**Student:** 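Next up is a structure, given as structure tokens.
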Amino acid sequence: EMTLSQLFRKFPNFVHLSKSCYPISLTPSPSSDFDHHSSKPTNQFSQNPSGSLKFNIFSFHTSRVNVNKPNPTNPDVETICKILSTAPDSPVDVSLRNFPAEVSPELVVDVLNKLSNAGILALSFFRWAEKQKGFKHSTESFHALIEALGKIKQFKMIWNLVDEMKQQKLINGDTFALIARRYVRARIVIEALKTFERMERYGLKPQISDFNKLIDVLCKSKFHVEKAQELFDKMRQWDLEPNLKSYTILLEGWSQQQNLLKVNEVCREMKDEGFEPDVVTYGIIINAYCKAKKYDEAIGFYHEMQLKNVSPSPHIYCTLIIGLGNGNRLDEALEFFEKSKASGFPPEVPTYNAVVGAYCWAMQIDDAYRTVGEMKELGIGPNSRTYDIILVHLIKGGRTKEAYSVFKRMSSEMGCEPSANTYAIVVRMFCNENQLDMAMVVWDEMKDKGILPGIHMFSTLIISLCRENKLDEACKYFQQMLDVGIRPTANMFSAFKSALMDAGMENTVKHFALKVDKLRNTPLIA
């Protein structure tokens, strides 16, 4: 019987895969308008380090550890985050000494999620909360902190937290899946495998569901699907039989890579093992063909599932609307929208967001606005993601003034308050337009609302300031980034140092180099 890490050593091709690099989305987590188990898709825009916009279609039904989304209606969450983010050097005990609200488990989880891009602050707040009278941490609050610390690669501290969770009987299988995902995101894949080996040490026997979470983590890392496939092929060495979930996870992994050959291969193997494709399987296949721009084949699978008496779900319709909209086949996208309404499903935000996106791809922005009006009449939105879709297309079409006007209106609409992703879109817009004063105004508004930026948003603003020779401001934001515990990427730090050196600011370069080294090499202490 072979352990996972032994298998890793036996198959060294795993190692070079773990060194792959990939862009990190600006959004802190793939969140929002759906539940992974309800199979509702959504549109999401991400930005890569080069500044280009990328449109993603996600399918959402495989297992994933969900860290709860902050509650936008709780003003105490925003107040706490604003206090902490405006005084990151001040001890949390001091900053919150006059905070009047009761500290509930729900409040703590919401704050920790909003501090997800600021691991040091998140840890300090976590320790402050546990000192409050009558308060006890939950599994969810530990998971939210692990997510934040994982982003800054503080894995030693994470395992200390796992020890605490064990003592408090708060540990579960999702804990290990979350840690494994952060290891994979950090490109330390062998430690992700060892994470699941450690489960028994903490009193949990790995089940097929836990193994599914491991291959899901690998598949969602995009560049490690091959590794997930190799582990899947050797699953029976651990006396584990793959189930339908195992196959659907692999299918989605290959779908995200647009590897239709592998999608069809896994589908055939699944059928050979006696698993018939269900609505989720068809959703993955249709999504794969849409992503590969093979729209006629995607529609063919829609008809095939009907012939097999597999009823299309809202997810299927939504996927087709998004895909056909992206492919500038608006009329067909709208046909599937009408089919979804005729199927008797209640109207849902993701479906209408897909229609908004389809109109936007055709630059029929007035029709997109009209659809938003329909959403309001039906009482199903819009939400911030609806407007994010519109914003991206307005910017792409050079209509930046209109984009800013839409952005300003969002705050006045219930449920449409700008998210971290919205602010990232607008800040990048102004940076690309060389309107850095406006970019900083929007940034300050974001900070006032207690929303903390991630590494890519810092990188966008700092590099733009360097290009315009606004080096004092660039240094200010670089220091803010370090204050919340975010380490610069190698490319970003190199560009920042080059700009300072060109301006003869060698001492400033040395100053920040020492700070970055200290941040990289100093582990957090509980």
Side-chain angles (χ1 to χ4, degrees), residues 28-29 31 65-172 174-176 178-179 181-182 202 420 446-454 480 483-486 519 522-526:
S29 62
S31 65
V65 180
N66 286 316
V67 180
N68 295 333
K69 185 180 178 182
N71 180 0
T73 62
N74 188 342
D76 291 332
V77 174
E78 190 172 298
T79 301
I80 291 173
C81 290
K82 183 177 177 181
I83 292 170
L84 296 180
S85 63
T86 52
D89 288 333
S90 176
V92 175
D93 288 348
V94 174
S95 298
L96 298 180
R97 63 180 177 272
N98 295 320
F99 183 70
E102 178 185 349
V103 180
S104 66
E106 295 76 19
L107 174 76
V108 169
V109 170
D110 285 348
V111 170
L112 288 170
N113 282 324
K114 288 202 78 170
L115 295 175
S116 182
N117 287 326
I120 293 173
L121 275 181
L123 177 60
S124 298
F125 173 75
F126 182 92
R127 294 307 183 198
W128 172 83
E130 68 188 6
K131 296 174 188 172
Q132 305 312 298
K133 186 176 180 180
F135 179 82
K136 289 187 177 179
H137 280 297
S138 63
T139 299
E140 290 74 18
S141 60
F142 272 101
H143 283 178
L145 180 58
I146 287 170
E147 176 75 7
L149 293 174
K151 288 183 179 182
I152 55 173
K153 304 177 185 178
Q154 290 288 343
F155 293 107
K156 186 173 181 180
M157 183 70 241
I158 285 172
W159 285 109
N160 289 340
L161 290 172
V162 175
D163 291 336
E164 290 181 38
M165 293 178 74
K166 182 183 179 183
Q167 291 172 4
Q168 298 176 38
K169 295 182 170 55
L170 295 174
I171 205 165
N172 62 32
D174 284 345
T175 308
F176 296 90
L178 177 59
I179 296 169
R181 183 165 69 87
R182 293 318 316 179
Y202 286 90
M446 174 187 67
K447 293 290 290 291
D448 286 343
K449 289 181 179 285
I451 296 174
L452 295 171
Q480 284 184 17
D483 286 342
V484 295
I486 297 176
L519 187 60
T522 305
L524 293 181
I525 300 172

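Only this structure's heavy atoms are used, side chains among them; waters, hydrogens and symmetry mates stay out. Keep in mind that what you see is a predicted model, and the values were worked out from it rather than measured.
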**Student:** Ignoring hydrogens, what is the shortest heavy-atom contact between Leu107 and Asp76? Give both atom names and the distance.
**Tutor:**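 Here Leu107 and Asp76 meet closest at CD1-CB, 3.8 Å.
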
**Student:** Flag the pair Leu96 / Ile83 as yes when at least one side-chain heavy-atom distance between them is below 4.5 Å, and no otherwise.
**Tutor:** yes

**Student:** Please report the interatomic distance NZ(Lys166) to CG(Asp163), rounded to the nearest 0.5 Å.
**Tutor:**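 Lys166 NZ to Asp163 CG: 7.5 Å, rounded to 0.5 Å.
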
**Student:** Please list, chain by chain and in numerical order, all residues satisfying side chain to side chain donor-acceptor pair (under 3.5 Å) with Glu130, sequence neighbours excluded.
**Tutor:**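 With sequence neighbours excluded, Glu130 shows a side chain to side chain donor-acceptor pair (under 3.5 Å) to Arg127, given in chain and number order.
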
**Student:** So, taking the atom named CG in Leu452 and the one named CE in Met446, what distance separates them when rounded to the nearest 0.5 Å?
**Tutor:**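 One gets 7.5 Å once the value is rounded to the nearest 0.5 Å.
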
**Student:** Check the pair Lys153, Arg182 against side chain to side chain contact (heavy atoms under 4.5 Å, CB included), reporting the backbone distance first and the verdict last.
**Tutor:** CA-CA 8 Å; Lys153 304 177 185 178; Arg182 293 318 316 179; over 6 Å; no

**Student:** Check for a donor-acceptor pair, side chain of Gln132 on one end and backbone N or O of Trp128 on the other, with a separation under 3.5 Å.
**Tutor:** yes

**Student:** I'd like to check the salt bridge (Lys or Arg N to Asp or Glu O under 4.0 Å) partners of Lys169; sequence neighbours left out, ordered by chain and number.
**Tutor:** none

**Student:** Can you list everything that forms a side-chain contact (heavy atoms from CB on, under 4.5 Å) with Glu102? Sequence neighbours excluded, please.
**Tutor:** none

**Student:** How long is the span from the CD atom in Glu164 to the CD1 atom in Ile171, to the nearest 0.5 Å?
**Tutor:**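 If I round to the nearest 0.5 Å, the distance is 11.0 Å.
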
**Student:** Does the side chain of Val111 come within less than 4.5 Å of Cys81's, by heavy atoms?
**Tutor:**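 Yes, at least one pair of side-chain atoms sits under 4.5 Å.
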
**Student:** Rounded to the nearest 0.5 Å, what separation is found between the CG atom of Asp174 and the NE2 atom of His143?
**Tutor:**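 NE2 of His143 is found 6.0 Å from CG of Asp174.
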
**Student:** Under 4.5 Å between any side-chain heavy atoms of Ile146 and Met165, yes or no?
**Tutor:** yes

**Student:** Write down the atom of Pro453, the atom of Asn117, and the distance for their closest heavy-atom approach.
**Tutor:** O-CB, 3.5 Å

**Student:** Could you pull out the closest heavy-atom pair between Ala122 and Leu145, with the gap in Å?
**Tutor:** C-CD1, 3.7 Å

**Student:** Indicate the atoms forming the closest heavy-atom contact of Leu112 with Ser141, along with that distance.
**Tutor:**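 That would be CD1-O, 3.4 Å.
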
**Student:** Would you please name every residue forming a ring-ring contact (aromatic ring centres under 6.0 Å, His included) with Phe126, sequence neighbours left out?
**Tutor:**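 Residues passing ring-ring contact (aromatic ring centres under 6.0 Å, His included) with Phe126: His137, Phe142.
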
**Student:** Count the heavy atoms belonging to other residues, nucleotides or ligands that lie under 6.0 Å from NZ of Lys82, then report whether that count exceeds 12.
**Tutor:**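 At most 12 heavy atoms, drawn from other residues, nucleotides or ligands, come within 6.0 Å of this atom.
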
**Student:** By side chain to side chain donor-acceptor pair (under 3.5 Å), which residues pair with Ser138, not counting sequence neighbours?
**Tutor:**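 Once residues adjacent in sequence are excluded, the partners of Ser138 under the side chain to side chain donor-acceptor pair (under 3.5 Å) criterion are Glu140.
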
**Student:** What closest approach, in Å, do Lys449 and Glu78 show between heavy atoms, and which atom pair accounts for it?
**Tutor:**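 Closest heavy-atom pair between Lys449 and Glu78: O-CG, 2.9 Å.
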
**Student:** Write down the atom of Leu149, the atom of Ile158, and the distance for their closest heavy-atom approach.
**Tutor:**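 Minimum heavy-atom separation between Leu149 and Ile158: CB-CG1, 3.9 Å.
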
**Student:** Using the side-chain contact (heavy atoms from CB on, under 4.5 Å) rule, pick out the option among Asn113, Val108, Asp110 that qualifies with Val77.
**Tutor:**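 Among Asn113, Val108, Asp110, the one meeting side-chain contact (heavy atoms from CB on, under 4.5 Å) with Val77 is Asp110.
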
**Student:** Side chains of Leu178 and Glu147: closer than 4.5 Å at any heavy-atom pair?
**Tutor:** yes

**Student:** Identify, with sequence neighbours excluded, every residue that meets side chain to side chain donor-acceptor pair (under 3.5 Å) alongside Ser95.
**Tutor:**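 Side chain to side chain donor-acceptor pair (under 3.5 Å) check on Ser95 returns Ser90.
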
**Student:** Enumerate the residue pairs fulfilling ring pair (Phe, Tyr, Trp, His ring centres under 6.0 Å) with a member in residues 144-163, sequence neighbours excluded, ordered by first and then second residue.
**Tutor:**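 Pairs touching residues 144-163 that pass the test: Phe155-Tyr183.
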
**Student:** How long is the gap from CG on Leu121 to CG on Leu84, to the nearest 0.5 Å?
**Tutor:** 6.0 Å

**Student:** Taking Ser116 for its side chain and Ala148 for its backbone only, find out whether a donor-acceptor pair lies under 3.5 Å.
**Tutor:**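 No.
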
**Student:** Under the rule for side chain to side chain donor-acceptor pair (under 3.5 Å), what residues qualify as partners of Asn172, not counting sequence neighbours?
**Tutor:**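 Asn172: side chain to side chain donor-acceptor pair (under 3.5 Å) contacts with Thr175.
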
